[in-house]
Q: 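Got a structure for you, questions after.
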Amino acid sequence: MNITRENIDELNAVVKVDIAKEDYAGKVEKILKDYRKNANIPGFRKGHVPMGMVKKQYGQAVLVDEVNKLLQDSLNKYLTEEKLDVLGNPLPKEQENFDWEKDNYSFEFELGLAPEFDVDLDLKKPVTKYNIVADEKMVNDQIESIQKQYGKLKTKDVVEEGDTVAGTFKNEDEGIENDSTIELSNIKGKKNLNKFVGAKVGDTVTVKTKGLFEDDHALVNHLKVEHDKAHDLDIEVAFIISEINERELADLDQELFDKLFGEGKVKSVTELKEKIKEDAAKQFEQQSDQQLMNDITEALIEATNFELPKEFLQKWIQTVGEKPLTEEEAIEEYEKSEKGLRYQLIEGKVVNDNNLNVDFNDLKAFTTDKIKQQMAQFGQMDPSEKELDDIAARILSNQDEVKRLSEQLMNEKLLEFYKENMKFDEKELTYEEFVKAIYK
């Protein structure tokens with residue numbers, strides 16, 4: 001067997017594989033002998049079928065199969081030994097009038113080669129790194145929410161804004177009769193709110209369902225209608241008031257602070273506000289990091305210039321799916337995926353040049369940490385080492401989970417590397433300002 005390569009240019013090459021009879025003849029002969037031993041052909045005893053008949057019936061199929069196996073194995077071995085960084089898979093070149101009756105064969109494969117390039121993290125225009133903070137309004141809203149959550153309900157006779165009203169929604173035509181409790185702060189529009197304000201226990205308030213709540217899907221719970229129906233439901237319903245409550249806000253005292261954060265950890269309203277800001281910053285960090293990674297990706301794609309074997313990749317895309325694509329479809333698919341391919345190559349370059357690979361110990365530690373976080377959400381604050389190891393082992397025995405977690409960990413490693421090695425234009429802003437800046 002002989003393998004040679006001709007480089008067409010820096011991004012394209014053709015590999016020629018010459019296979020001689022001695023490369024495959026022994027294996028083909030052995031397989032045919034095994035076929036002869038086990039063949040059941042009418043008129044012949046098992047194991048006594050003439051070899052000529054076996055070759056006539058099975059010879060070419062066995063030959064084609066063995067040559068293809070040899071071809072695939074030798075080509076893969078060649079690519080590995082030559083350390084060729086190829087894109088996609090080798091594409092066999094079509095040969096007219098190929099003759100399997102010959103003894104020696106030649107096959108040619110087109111290769112798309114990955115480009116050589118460098119990644120410069122010192123960008124001319126630094127990426128913006130958003131530090132999201134809780135503003136005074138958000139902190140105060142959170143404090144009020146806490147006070148409501150831990151406050152007491154006080155029964156009233158007349159409805160006022162901000163009250164909680166219990167009662168029954170009814171509409172005979174639609175078969176609706178459902179007990180529900182409404183927070184008047186969730187009622188949409190002054191017109192709807194005014195129908196409740198001033199009402200008393202026993203009164204009936206008639207309202208339209210469309211636009212009654214800030215989110216139409218709230219009707220699913222309040223009226224017990226189907227989710228798909230709730231969005232377009234536009235009927236009149238009667239609400240018979242059975243109870244009116246005002247929620248008295250809990251006092252911001254040490255008893256409440258201890259209940260929220262543990263004994264003595266927060267001792268004043270000032271410390272409470274700082275704690276809320278601190279917790280909010282942690283919650284916002286994930287969104288900030290995701291946006292930072294998106295922006296770094298876009299910036300590196302824009303700043304890192306290299307050519308791709310475009311025509312080869314378009315031909316490869318035509319053949320790689322379950323259903324072959326037309327040339328026009330392949331060109332369209334390539335244009336959609338080109339940016340993603342460019343970042344894959346950039347990411348691979350950064351990973352390899354800086355030894356950011358994920359090993360099993362890294363993955364196990366990362367998985368265990370995720371398990372701890374999830375268990376903490378359900379109140380299991382101190383799981384045993386054995387419990388964690390057992391759960392991690394179960395998760396890491398699933399290859400899909402290993403792939404998913406490996407990608408998450410690599411993403412975290414990359415982001416940490418970028419944070420340490422790139423310059424950023426840091427910008428502090430509130431969550432509302434962040435949303436406006438990103439989705440402008």
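Treat the numbers as computed from the prediction; the structure is a model and nothing was measured.
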Q: Enumerate the side-chain hydrogen bond (donor to acceptor under 3.5 Å, both in side chains) contacts for residues 415-424, please, sequence neighbours excluded, ordered by first and then second residue.
A: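 Found Asp289-Lys419, Tyr343-Tyr418.
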Q: Going by the salt bridge (charged side-chain N to carboxylate O under 4.0 Å, His left out) test, which pairs reach into residues 180-191, not counting sequence neighbours?
A: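 Every salt bridge (charged side-chain N to carboxylate O under 4.0 Å, His left out) pair that includes a residue of residues 180-191, provided the two are not neighbours, is Glu161-Lys190.
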Q: Do Glu338 and Arg342 meet the salt-bridge criterion of a basic N to acidic O distance under 4.0 Å?
A: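 Salt bridge flag = yes for Glu338 with Arg342.
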Q: Extract all donor-acceptor atom pairs below 3.5 Å that involve side chains of residues 92-100 and protein atoms in other chains or at least two apart in sequence.
A:
from, atom 1, to, atom 2, distance (Å)
Gln95, NE2, Ser106, O, 2.8
Asp99, OD1, Glu101, N, 2.8

Q: Return a table of donor-acceptor pairs under 3.5 angstrom between the side chains of residues 122-135 and protein atoms on other chains or two or more places apart.
A:
from, atom 1, to, atom 2, distance (Å)
Lys129, NZ, Asn131, OD1, 3.2
Asn131, ND2, Glu426, OE1, 2.9
Asp135, OD1, Met138, N, 2.8

Q: Would you indicate whether the side-chain heavy atoms of Leu345 and Pro115 approach each other to under 4.5 Å?
A: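 Touching, per the 4.5 Å side-chain cut-off.
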Q: When you look at Glu271 and Lys275, which way does the salt bridge (charged side-chain N to carboxylate O under 4.0 Å, His left out) test go after all the steps?
A: CA-CA 6 Å; Glu271 289 183 13; Lys275 179 66 175 169; over 6 Å; no
Q: Can you give me the closest heavy-atom contact between Val17 and Ser74, atom names plus distance?
A: CG1-OG, 4.2 Å
Q: Excluding sequence neighbours, so at least two apart, what forms salt bridge (charged side-chain N to carboxylate O under 4.0 Å, His left out) with Lys137?
A: Asp141
Q: Surrounding CG of Asn104 (heavy atoms of other residues, nucleotides or ligands, distance under 6.0 Å), is the total greater than 12?
A: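 Atom CG in Asn104 is crowded, with more than 12 foreign heavy atoms closer than 6.0 Å.
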Q: With sequence neighbours left out, write down each residue that passes ring-ring contact (aromatic ring centres under 6.0 Å, His included) with Tyr431, or none if nothing qualifies.
A: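 With neighbours one apart ignored, the set is Phe284.
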Q: Among all residues two or more places apart in sequence or in another chain, which pass the salt bridge (charged side-chain N to carboxylate O under 4.0 Å, His left out) test with Lys229?
A: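 Here the qualifying residues are Glu174.
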Q: Answer yes or no: is there an ion pair linking Glu66 with Lys69, defined by an N-O contact shorter than 4.0 Å?
A: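 Salt bridge flag = yes for Lys69 with Glu66.
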Q: Inspect the contact between Lys33 and Glu29 and indicate whether a charged nitrogen and a carboxylate oxygen are less than 4.0 angstrom apart.
A: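 Between Lys33 and Glu29 there is no salt bridge, as every charged N stays at least 4.0 Å from the carboxylate O atoms.
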Q: Are there more than 12 heavy atoms of other residues, nucleotides or ligands under 6.0 Å from atom CD of Gln374?
A: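 No, because the 6.0 Å sphere around CD of Gln374 holds 12 heavy atoms or fewer from other groups.
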Q: How would you list all residue pairs meeting salt bridge (charged side-chain N to carboxylate O under 4.0 Å, His left out) that involve residues 290-308, not counting sequence neighbours?
A: Glu298-Lys339
Q: For residues 388-400, tabulate all N or O donor-acceptor pairs below 3.5 Å that involve a side-chain atom, not counting sequence neighbours.
A:
from, atom 1, to, atom 2, distance (Å)
Asp390, OD2, Lys386, NZ, 2.8
Ser397, OG, Arg394, O, 2.6
Asn398, OD1, Asp400, N, 2.9
Asn398, OD1, Glu401, N, 3.3

Q: Going from OG1 on Thr164 to CG on Asn186, what distance comes out if it is rounded to the nearest 0.5 angstrom?
A: 9.0 Å
Q: Is Glu327 atom CD crowded by more than 12 heavy atoms from other residues, nucleotides or ligands, each under 6.0 Å away?
A: no
Q: Are any side-chain N or O atoms of Asn12 and backbone N or O atoms of Asn7, one a donor and one an acceptor, separated by less than 3.5 Å?
A: no
Q: Salt bridge or not between Lys273 and Glu136? Use side-chain N to carboxylate O under 4.0 Å.
A: yes
Q: Quick check: closest heavy atoms across Leu11 and Asp9, and the distance to 0.1 Å?
A: N-OD1, 2.8 Å
Q: Hey, is the main chain of Gly264 close enough, under 3.5 Å, to the side chain of Asp258 for a donor-acceptor pair?
A: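 A pair under 3.5 Å: yes.
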Q: Can you name the residues that form a ring-ring contact (aromatic ring centres under 6.0 Å, His included) with Phe213, not counting sequence neighbours?
A: His222
Q: Anything under 3.5 Å between a donor and an acceptor, one on a side chain of residues 309-316, the other on a protein residue two or more places apart or in another chain? List them.
A:
from, atom 1, to, atom 2, distance (Å)
Lys315, NZ, Glu110, OE1, 3.1
Lys315, NZ, Glu110, OE2, 2.8

Q: Could you go through the side chain to side chain contact (heavy atoms under 4.5 Å, CB included) check for Leu113 and Leu87 one step at a time?
A: CA-CA 6 Å; Leu113 305 178; Leu87 300 178; over 6 Å; no
Q: Would you check if the side chain of Glu335 reaches a backbone N or O of Glu332 as a donor-acceptor pair within less than 3.5 Å?
A: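 Flag not set: sc Glu335 to bb Glu332 has no pair under 3.5 Å.
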Q: Tell me which pairs pass salt bridge (charged side-chain N to carboxylate O under 4.0 Å, His left out) where either residue lies in residues 212-225, with sequence neighbours left out.
A: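 Checked against salt bridge (charged side-chain N to carboxylate O under 4.0 Å, His left out) - neighbours excluded - the pairs reaching residues 212-225 are Lys210-Asp216.
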Q: Using a cut-off of 6.0 Å, state whether more than 12 heavy atoms not belonging to Lys148 lie near its atom NZ.
A: no
Q: Answer yes when Lys16 and Glu6 have at least one side-chain N-carboxylate O distance shorter than 4.0 Å, and no when they do not.
A: no
Q: Quick check against the 3.5 Å criterion: does Asn171 have a side-chain atom that pairs as donor or acceptor with the backbone of Ile176?
A: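 Between the backbone of Ile176 and the side chain of Asn171 there is no qualifying donor-acceptor contact (under 3.5 Å).
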Q: Less than 4.5 Å apart, any side-chain heavy atom of Val62 and any of Lys27?
A: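 No. Closest side-chain heavy atoms not under 4.5 Å.
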Q: With side-chain hydrogen bond (donor to acceptor under 3.5 Å, both in side chains) as the test, would you mind laying out the steps for Gln373 and Asp369 before giving the verdict?
A: CA-CA 6 Å; Gln373 291 175 22; Asp369 189 50; 3.0 Å; yes
Q: Looking at CD of Glu263 and CZ of Phe257, how far apart are the two atoms once the value is rounded to the nearest 0.5 Å?
A: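 Interatomic distance, Glu263 CD to Phe257 CZ, rounded to 0.5 Å: 14.0 Å.
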Q: Does the Thr209 side chain pair with the main chain of Ile235, one donor and one acceptor, at a distance under 3.5 Å?
A: yes
Q: Restricting to non-hydrogen atoms, name the atom on Leu63 and the atom on Val28 that form the minimum distance, rounded to 0.1 Å.
A: CA-CG2, 4.1 Å
Q: If you look at every heavy atom in Val225 and Leu219, which pair is closest and at what distance?
A: CG2-O, 3.7 Å
Q: Is atom NZ of Lys208 surrounded by more than 12 heavy atoms (other residues, nucleotides or ligands) closer than 6.0 Å?
A: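 Yes, because the 6.0 Å sphere around NZ of Lys208 holds more than 12 heavy atoms from other groups.
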Q: Mark yes or no for whether Asn178, through its side chain, and Thr168, through its backbone, hold a donor-acceptor pair below 3.5 Å.
A: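 Not a single qualifying donor-acceptor pair exists.
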Q: Quick check against the 3.5 Å criterion: does Asp23 have a side-chain atom that pairs as donor or acceptor with the backbone of Ala20?
A: yes
Q: If we only count heavy atoms from C-beta on, is the Val15 to Glu108 side-chain gap below 4.5 Å?
A: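 The answer is no, as the side chains (C-beta and beyond) never meet within the 4.5 Å cut-off.
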